[in-house]
Amino acid sequence: MATFKDFRNDVKPNWCPGCGDFSVQAAIQRAAANIGLTPDQLAVISGIGCSGRISGYIKSYGLHGIHGRSLPIAQGVKMANKDLTVIASGGDGDGFAIGMGHTIHAMRRNIDLTYIVMDNQIYGLTKGQTSPRSAQGFVTKSTPKGAIEGTVSPMELALTSGASFVAQSFSTDLKDLTAIIEAGINHKGFSIINVFSPCVTYNKINTYDWFKENLTKLSTIEEYDPSNRELAMNTLMQHNGLVTGIIYQDKERPSYQELVHGYADEPLASQDLQLGDEMFNDLVKEFI
Amino acid sequence: MINQLSWKVGGQQGEGIESTGEIFSTALNRLGYFLYGYRHFSSRIKGGHTNNKIRVSTTPVRAVADDLDILVAFDQETIDVNHGELHEQGIIIADAKFNPVKPEQTKAEMYVVPFTELAAELGTSLMKNMVAVGATCAVINLDVQVFTNVVEEIFGRKGEAVVQKNMEAIQQGYNYMLEQLGGKAGIMQLAPADGQQRMFMIGNDAIALGALAGGVRLMAAYPITPASEIMEYLIEKLPKVGGTVIQTEDEIAAATMAIGANYGGIRSFTASAGPGLSLMMEAIGLAGMTETPLVVVDTQRGGPSTGLPTKQEQSDLMAMIYGTHGEIPKIVMAPSTAEEAFYDTVEAFNLAEEYQCPVILLSDLQLSLGKQTVEPLDYSQVEIRRGKLVQEELPELDAKSYFKRYEVTEDGVSPRVIPGMKHGIHHVTGVEHDETGRPSEGAANRQAQMNKRMRKLGQIRFNTPVYKNAQHEEADLLLIGFNSTRGAIEEGMERLEQEGIKVNHAQIRLIHPFPTEEILPLIESAKNVLVVENNATGQLANIIKMNVGHVHKVKSLLKYDGNPFQPHHIYDGSKELFPLQGAVINGNV
Ligand SMILES: Cc1ncc(C[n+]2csc(CCOP(=O)(O)OP(=O)(O)O)c2C)c(N)n1
Ligand code: SF4
């Protein structure tokens, strides 16, 4: 059996020391090993940003694509090979600004993959501009007088977009984060996991201490029931979105692939590509 | 006896103009005639003038006819807009319902037939198109029974009674018209056809069928004119081979999903038109940089911006060759007939895998939507070549090593493994990378990887990069075109030849990398060179000048009013070169 060490490679991350993304990387490696995957059964597809580099730091198949497009690429990979475990990942700018359209539609579509957002409420790679997750009034290089625009609430958004697995976690809480990623991978359908992953270099407000003070674990809320969507929504609103744990899971909803008419049982990638004379002739006849 | 008939039906969009043309042409195709249909339509669903011009011939035709024998009119606008195309012996058959008025200038005869009224008497005025088809039969002396099969196929689901009614409507149209003609059917007697069963399809059907035969399993696409038929055909057929079509949220998702699926090991593609291609450019660069096979179909239409969304144009050429930032190897193909569209689509998937790069298959609205008779497609010519895709087991790697997915090789193409394979793990990134895919910005590595990528297309193997009809060792004129202009060029050329002008013709099928060696001798041996294209800036001519030279000899014949070239445009445009040889014509025909 593979251990989390088998998911390590020899590439040294160029993240700043203390960056929240390190723990996300470790949690993915642990979750993959815990589930019993081998590195060649996993594909990590990432966007562009500090966070986007994550696919290069995990020993598995991986594709580091273009800004905001990890989700459509990941959905294509999963459609091609349903036997692969596919993880998409990137920053909050990647997923909630440039890639927001894809995020919403991937949730609606419900293809079986796990989307992990490293949410640091700032643009790290481009050195400190505002993000759709920045709080109003937040001063950054691009909002010197404070951010004017409202803040995207990804978990509420996920609930209203039809996501079948919605969870949030905090990057220092490795055990909790690993468990949530495992649950996300095991979920049959699309899972979105928003991870508070502090940027120690450019975000001096939403720091590790800030999160520790402000986050509420759903496990501490009595009678919280992740199958209850209305409760999930109310709880998020009561806590201004600052909760961790599995917020919502619909275990009944079939994945996209289960619903696609005619979709093959074996992975498409292992199919023979020939149509054969008979089928071709039948197709031709329809045009006569 | 006539060997060729040019027939047009027109009216308001949404009143069955298309089905009238469809029924008429399907039946004639089955008799063994060669057909070519071109629709004039606008981007709205109901209302607005629309017409369907259909050419029927005993020999292959691939161009919109210059003139018109029969104009079937469901409204006055149809007559007013189109009567100019009628030749002197042409006729108008008009619905009595709108009290048709024959324009003074036209010499054509007008017959008034109560299409709507006869149909309404039979039960529903919807059948007026059947009446019109019947009236046409009387003119060309065609037995109305040839429509039986087609009518059964369309209305069979609705029961025998409906089929009977529709056949009755055709018969009544025939009878009424016959009376108008004084009892003598066939004032335009069409010569009999050879009875061969050939396909009748739009270019988009050929592309979609090519994709299916070429092994596609997933299409990701966003609807747009004139590309949507490709996804609509495949959503019906792909489930039969375990695959599907996903209608994505936009074209960026379509292109990147196709990239993901190709990386995942299947053949996947997308199709769109100019606006969608503009959105895909960053993704096309990703495919180039990560050496992921990707096929994108661009069905060109009138640009820029939303431009003329339902009209013919060929103005995406430069954007397709050079679009995306930075430099990548890319293949751009341009079939000119439905047959070529089929075979070239299959080939596009082979080339994408063999050269591990994006392949753009250019079409244009006329080719994509023009409905034409197609000679039997030969499945035995369909081969699937997957290039350096590794299909056997890989040797074990030590724990630290990555597979050399971007190994620097002589031909620039590296072995490719797909995720899931044991011992094949490597990284893929749009960032410059080393042989294992790890990001690397070193100057030497950059040079090595850039050279490797660009080397791939150095010796591209492509079956017929140029379609040539070059009988003359020394020609007075060389006509060059791409995509759907082929038919008009062929017919224009025929007329010029009849006048003793020696004409050669080259239709470019591989636009990029440009087949310089193929074209150079033709240009050198021609006194005049005229490049025919549906755009305003002479994009193909410029590409030729850039690659082949002869900047003073290469002239342009351009048309960018939204309509296809007709044979007379080619003839007239060419004639301007003689005897004034060498005169620059920027013929805005
Ligand atoms: C199309 C495009 N626009 C802009 C950029 C520049 N860019 C790179 S990463 C990034 C945002 C990074 O923020 P986020 O996604 O939150 O990731 P982080 O770096 O914070 O992990 C931007 C704007 C780009 N690479 N591509
Ligand atoms: S800039 Fe911020 S997000 Fe980027 S690596 Fe450094 S700490 Fe992490």
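In the text below, chain A, chain B and the rest are named by the order of the sequence lines, each starting its count at 1.
- If you take CD1 on Ile48(A) and OG1 on Thr429(B), they are separated by 6.0 Å, rounding to the nearest 0.5 Å.
- Proximity to chain B (any heavy atom under 4.5 Å) is restricted, for Arg109(A), to the side chain, taken from C-beta onward.
- Note on Glu249(B) versus Arg108(A): no salt bridge recorded, every NZ/NE/NH1/NH2 to OD/OE distance being 4.0 Å or above.
- Chain B forms the most heavy-atom pairs under 4.5 Å with one residue out of Pro72(A), Pro267(A), Gly262(A), and that residue is Pro72(A).
- With rounding to the nearest 0.5 Å, the separation of CE in Met199(B) from CG in Leu283(A) is 8.5 Å.
- Side-chain contact annotation: Tyr379(B) with Asn281(A), donor-acceptor N/O pair under 3.5 Å absent.
- Classification of the Phe280(A)-Phe342(B) ring pair by plane angle, with boundaries at 30° and 60°, yields tilted.
- For Leu84(A), the part lying near chain B is the side chain, with the backbone staying farther off; criterion is any non-hydrogen pair under 4.5 Å.
- Between the side chain of Tyr263(B) and the backbone N or O of Gly62(A), at least one donor-acceptor pair lies under 3.5 Å.
- With chain B as partner, the option from His102(A), Met79(A), Gln271(A) having the largest number of non-hydrogen pairs under 4.5 angstrom is His102(A).
- Within the 4.5 angstrom heavy-atom criterion, only side-chain atoms of Val11(A), from C-beta onward, approach chain B.
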Original post:
What's the verdict on side chain to side chain contact (heavy atoms under 4.5 Å, CB included) for Val241(B) and Met279(A), showing C-alpha distance, side-chain angles and the deciding distance?
Top reply: CA-CA 10 Å; Val241(B) 289; Met279(A) 182 167 176; 3.9 Å; yes
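- There is no contact between Ser70(A) and chain B, counting heavy-atom distances below 4.5 Å.
- Of the inter-residue distances, the one linking Ile288(A) atom CD1 with Met201(B) atom CE reads 10.0 Å to the nearest 0.5 angstrom.
- Looking at Ala220(B), neither its backbone nor its side chain comes within 4.5 Å of chain A, counting heavy atoms on both sides.
- Ranked by heavy-atom pairs under 4.5 Å with chain A, the list Ile235(B), Ile259(B), Asp250(B), Leu238(B) is led by Asp250(B).
- Within the 4.5 angstrom heavy-atom criterion, only side-chain atoms of Asn9(A), from C-beta onward, approach chain B.
- Interface residue Tyr402(B): only side-chain heavy atoms are found under 4.5 Å from chain A.
- Counting heavy-atom pairs under 4.5 Å between each of Gln274(A), Arg69(A), Arg8(A), His64(A) and chain B puts His64(A) at the top.
- Contacts of Val346(B) with chain A are absent, with no heavy-atom separation under 4.5 Å from either backbone or side chain.
- Ranked by non-hydrogen atom pairs under 4.5 Å with chain B, the options Ala106(A), Gly56(A), Ala43(A), Gly68(A) are led by Gly56(A).
- Residue contact with chain A, scored on non-hydrogen atoms closer than 4.5 Å, involves the backbone of Ser401(B) exclusively.
- A distance of 6.0 Å separates CG in Leu273(A) from CZ in Arg267(B), rounded to the nearest 0.5 Å.
- For Leu218(B), the part lying under 4.5 angstrom from a heavy atom of chain A is the side chain only.
- Proximity of the aromatic rings of Tyr61(A) and His426(B) is defined here by a centroid distance below 6.0 angstrom, and this criterion is met.
- At a 4.5 Å heavy-atom cutoff, Asp265(A) makes no contact with chain B through either its backbone or its side chain.
- With chain B as the partner, the residue from Asp83(A), Val86(A), Asp10(A) showing the most heavy-atom pairs under 4.5 Å is Asp10(A).
- Across every non-hydrogen atom of Ala80(A) and Gly265(B), the tightest pair is CB-N, 4.5 Å.
- Looking at Pro376(B), there are no atoms closer than 4.5 Å to chain A (heavy atoms on both sides), in backbone or side chain.
- Within residues 204-217 of chain B, the residues having any heavy atom less than 4.5 Å from a heavy atom of chain A are, in residue-number order, Asp205(B), Leu209(B), Leu212(B), Ala213(B), Gly215(B), Arg217(B).
- Heavy-atom distances place the side chain of Ile45(A), and not its backbone, under 4.5 Å from chain B.
- Of the residues considered (Ile425(B), Ile266(B), Val431(B)), Ile425(B) shows the highest number of contacts with chain A, using heavy-atom pairs under 4.5 Å.
- In this structure, the portions of Lys59(A) lying under 4.5 Å from any heavy atom of chain B include both its backbone and its side chain.
- Proximity to chain B is absent for every atom of Leu37(A), based on heavy atoms less than 4.5 angstrom apart.
- Note on Glu286(A), Gln41(A), Lys78(A): by heavy-atom pairs under 4.5 Å with chain B, the leading option is Glu286(A).
- By the neighbour-count criterion of 12 heavy atoms within 6.0 Å, atom CD of Glu236(B) is sparsely surrounded, having that number or fewer from other residues, nucleotides or ligands.
- Heavy atoms of other residues, nucleotides or ligands lying less than 6.0 angstrom from CZ of Phe34(B) number more than 12.
- Note that the OH atom of Tyr256(A) and the OG1 atom of Thr244(B) stand 5.0 Å from one another [nearest 0.5 Å].
- Proximity to chain A is absent for every atom of Glu153(B), based on heavy atoms less than 4.5 angstrom apart.
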Original post:
Which is it for Ile73(A) and Leu286(B) under the side chain to side chain contact (heavy atoms under 4.5 Å, CB included) test, yes or no, and what are the steps along the way?
Top reply: CA-CA 11 Å; Ile73(A) 296 173; Leu286(B) 176 69; 3.8 Å; yes
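- In this structure the side chain of Ile111(A) reaches within 4.5 angstrom of the side chain of Ile246(B), judged on heavy atoms.
- For Val374(B), no part sits under 4.5 Å from any heavy atom of chain A, backbone or side chain.
- Counting heavy-atom pairs closer than 4.5 Å to chain A, the top residue among Gly243(B), Gly430(B), Gly424(B) is Gly424(B).
- If you measure heavy-atom distances from Asn262(B) to chain A, you find no contacts under 4.5 Å at all.
- Considering all non-hydrogen atoms of both residues, Leu268(A) and Gly242(B) come closest at CD2-O, 3.3 Å.
- Rounded to the nearest 0.5 angstrom, Ile418(B) CD1 and Ser270(A) OG are separated by 8.0 Å.
- Listed options His427(B), Arg30(B), Arg438(B), Lys240(B) were ranked by heavy-atom pairs under 4.5 angstrom with chain A; first place goes to His427(B).
- Interface remark: of the candidates Gly264(B), Ala254(B), Ala261(B), Ala261(B) forms the most heavy-atom pairs closer than 4.5 Å to chain A.
- Taking Lys422(B), Gln197(B), Gln391(B) one by one and counting their heavy-atom pairs under 4.5 Å with chain A, the maximum is reached by Lys422(B).
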